[in-house]
Amino acid sequence: MFLEFKREVERVLRDALQTASLNCTDLDLDLEESEHADLSSRVAFSLARMCDKPPAIIAADIVRHIAIPAEDTFIADAGAVGPYINFSVNDSFVHTTLEWIRGGLKQPGQKKGKIIIEHTSANPDGPLHIGHLRNAVIGDVLVRVLKRAGYEVETHYYVNDMGRQIALVVWGAERMAYDETKKADHAVAKVYIAANRLVEQNAEFVTEVEELMRKYEAGDETVIQKYNAAVKKCLSGIQASLERLQIQHDVIVWESEFVRGGAVEAVIEELKQKGDIKRDGSALVLQLEGIEKALVIQRTDGTSLYTTRDLAYHRWKAGKGDRVIDVFGKDHELVSQQLVKALELLDVRVPEFVIFEFVSLPTGSLSTRAGRYIAADELMDKIEERAYQEVAKKRDDLDERKKREIARKVGIGALRYDMVKVSPDKHILFNFDEALDIEKKGAPFIQYAHARACSILHLAVKRGYAVSAYKAHAVTGQSPAEDYNATLLAQRSERELITKLSKLSAIIDEASSELKPHLIAKYARELAESFNLFYKDCPVLNADEELRKARLVLVECARIVLSAVLDMLGIEAPSEM
RNA sequence: GGGCCCGUGGCUUAGCUCGGAUAAAGCACCGGCCCUCUAAGCCGGUGAUCGCGGGUUCAAAUCCCGCCGGGUCCGCCA
């Protein structure tokens with residue numbers, strides 16, 4: 001709803017400039033949200049230069065020419081403060097905002113098309129570690145945000161089921177048994193790590209592994225089956241972890257299909273015709289425009305490479321959606337640029353990339369191969385346990401099952417929030433103690449605000465107050481319109497909460513168009529803060545009847561929006577904590 | 001060596017795309033608030049040469065140039 005207010009301010013301001021004979025084509029109105037007003041314009045600064053007059057004089061002049069419509073408006077008033085022109089919202093804005101929320105947060109506008117987004121795509125050589133976790137959470141939050149923004153979204157997990165690391169797992173599994181006491185992906189990692197050590201120490205083993213790779217590409221059925229078994233074993237473990245994190249993929253894409261189906265060969269043939277290809281021995285090297293480093297698209301032994309297979313995958317998926325998004329680690333940045341250039345040669349829609357910086361440990365960067373990582377499973381176990389201790393301390397009135405459930409929601413939520421709250425291009429140095437410190441977390445703060453809102457609504461129903469809207473919502477998911485006077489919501493903390501609520505769709509727009517999931521995390525925190533201020537300032541259940549009605553509507557709206565933002569963050573919203 | 005990213009109170013960050021009103025939060029530290037709907041909360045306080053140096057501008061955390069520190073990548077791994 002805030003966007004509607006903003007659009008109206010733009011219109012009114014433009015009209016004022018026109019009547020004041022100050023209008024310039026394409027003049028930026030410089031509208032910004034600030035602590036001083038709901039919306040303020042700095043347009044007087046840019047006009048000052050052109051008119052050679054002080055900005056404050058110009059601002060005052062513009063304000064004199066502002067005509068706020070008599071009805072059907074969201075603007076309460078406009079005034080100049082020095083060089084700034086400040087606008088504030090009116091009661092109609094408050095009422096419309098609340099009704100929009102109660103009506104189910106319908107995003108205006110039409111369907112926006114289909115997006116194919118690939119994220120996580122961890123190699124099936126071990127469990128997800130905290131680096132993959134960042135990828136997965138950033139990707140999953142984007143998926144949820146894009147869906148809210150009105151896109152149809154299809155998520156892909158691109159499985160590298162034929163790389164050298166799988167060959168190593170297969171080779172290792174023939175020499176040692178999987179540890180069946182371990183979760184599948186952890187058992188695979190154990191074999192993978194051990195295999196790496198052996199191969200590093202013995203050159204003979206290297207040729208054995210290479211032999212496996214050759215047989216695989218040649219289509220040796222026995223070898224292929226061994227590969228598949230290893231990959232599926234590992235993937236089952238990874239998927240169990242993802243499920244625990246509330247993350248789902250719509251499609252699992254097998255890299256090998258592009259080799260077997262001939263798509264990789266087709267790509268190579270086409271690049272030979274359209275690209276600047278050189279031979280280096282029997283290997284094929286593609287020189288790309290604007291990129292210093294050439295791209296090898298075929299090995300000396302004729303087998304395919306990851307990047308070529310990725311090209312085939314991207315060509316295939318470009319046809320499935322209107323936008324293609326890849327969530328990649330920073331180490332893939334050069335690859336992503338090469339991908340774009342090569343896809344342009346092939347005349348294929350290029351993907352958009354969300355590149356995130358690395359998560360490292362105090363002991364150095366993460367490496368599955370070296371066994372230097374912290375598994376997501378381990379982290380989840382520990383943080384849930386820590387959350388349980390907190391719940392037990394605070395709520396010994398609850399039964400065991402309930403305490404465990406809250407601990408799970410709080411623990412996993414805290415973990416996800418931590419991963420997404422920081423801008424993707426910030427490097428993260430992982431600290432176990434900090435990661436587990438539930439009291440310092442952002443997610444429980446937001447969940448707590450939601451639980452408080454639920455608590456008020458629950459008690460209201462219990463006391464028989466007229467909160468049919470809440471009851472109806474719980475049963476049918478729809479709120480009936482109800483008599484309440486939004487004008488009564490005039491306290492500062494009430495107004496601030498409502499303004500914050502009204503900005504939901506603006507935040508969704510920004511986060512989805514700029515692919516910045518951390519904006520949702522920030523908004524969620526601010527919203528919870530606004531709600532807490534309201535909670536402290538404004539008694540709901542003990543207020544006079546009319547005020548109570550209005551405040552109950554506000555609480556209900558806050559609950560709906562808090563629940564929506566938590567959902568976008570993939571964090572469950574407990575009704576009590 | 002070259003490309004890309006990061007450098008904001010003791011710690012973790014937001015703000016930088018699009019320059020403007022006292023640089024915004026959390027944690028930590030100090031002090032206060034449970035006889036009103038859950039104190040996982042609220043209020044107040046201490047604490048910042050916005051890495052350094054130039055430049056552009058009426059105005060720079062934000063734009064430009066240089067430097068320093070950290071990360072990452074740099075043809076047959078993925």
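Per chain, numbering begins at 1; letters A, B, ... match sequence-line order. Fair warning: this is a prediction, and the values are worked out from it, not measured in the lab.
For B:C74, the base is anti relative to its sugar; the glycosidic angle deviates from 0 by more than 90°. Taking the syn range as angles within 90° of 0, the glycosidic angle of B:G7 is outside it, so the base is anti.
Partners of A:Lys403 according to the side-chain hydrogen bond (donor to acceptor under 3.5 Å, both in side chains) rule, which considers only residues two or more places apart in sequence or in another chain, do not exist here. Partners of A:His450 under the ring-ring contact (aromatic ring centres under 6.0 Å, His included) rule, at least two apart in sequence or in another chain, do not exist in this structure. Checked against ring-ring contact (aromatic ring centres under 6.0 Å, His included), A:His314 has no partners two or more places apart in sequence or in another chain. In this structure, A:Tyr523 has no side-chain hydrogen bond (donor to acceptor under 3.5 Å, both in side chains) partners at least two apart in sequence or on a different chain. Every ring-ring contact (aromatic ring centres under 6.0 Å, His included) that A:Phe531 has, sequence neighbours left out, goes to A:Phe534. Take A:Ser336 and apply the side-chain hydrogen bond (donor to acceptor under 3.5 Å, both in side chains) test, not counting sequence neighbours, and it matches no residue.
For residues 407-421 of chain A, every residue pair satisfying the salt bridge (Lys or Arg N to Asp or Glu O under 4.0 Å) rule, not counting sequence neighbours, is listed here: A:Asp140-A:Arg416, A:Glu405-A:Lys409, A:Arg408-A:Glu572, A:Asp418-A:Lys421, A:Asp418-A:Lys441. Evaluation of the salt bridge (Lys or Arg N to Asp or Glu O under 4.0 Å) test over residues 277-297 of chain A, restricted to residues two or more places apart or in two chains, returns A:Asp276-A:Lys278. Screening residues 350-362 of chain A for salt bridge (Lys or Arg N to Asp or Glu O under 4.0 Å), with sequence neighbours left out, gives A:Arg323-A:Glu352.
Nucleotide B:U72 holds its C1' atom 15 Å from the CD1 atom of A:Ile428, rounded to whole Å. For A:Leu288 and B:C76, the CG to C1' distance is 15 Å, given to the nearest whole Å. The distance from atom CD of A:Glu514 to atom C1' of B:G15 is 13 Å, rounded to the nearest whole Å. If you measure from atom CD of A:Glu35 to atom C1' of B:A25, you get 13 Å, rounded to the nearest angstrom. Atom-to-atom, CD of A:Glu434 to C1' of B:G10 comes out at 13 Å; the value is rounded to the nearest Å.
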In the 5'-to-3' direction, what one-character label does each nucleotide of nucleotides 1-8 of chain B receive under the scheme B = base within less than 4.0 Å of a protein heavy atom, S = sugar-phosphate only, - = no such atom? ---BBSS-
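Nucleic acid contact class of A:Ser423 (heavy atoms, under 4.0 Å, all strands): sugar-phosphate only.
Inspection of the A:Arg452 and A:Asn532 side chains reveals an N or O donor paired with an N or O acceptor under 3.5 Å.
In the region residues 515-527 of chain A, proximity to RNA chain B at under 4.0 angstrom, judged on heavy atoms, holds for A:His518, A:Lys522, A:Arg525.
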Would you write the dot-bracket representation of RNA chain B, where each base gets (, ), [, ], | or . depending on whether it forms a Watson-Crick or G-U pair under 3.5 Å and with which partner? (((((((..((((......[...)))).(((((.......))))).....(((((..]....))))))))))))....
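Remark: side-chain polar atoms of A:Ser512 are paired, donor with acceptor, to backbone N or O of A:Asp509 under 3.5 angstrom.
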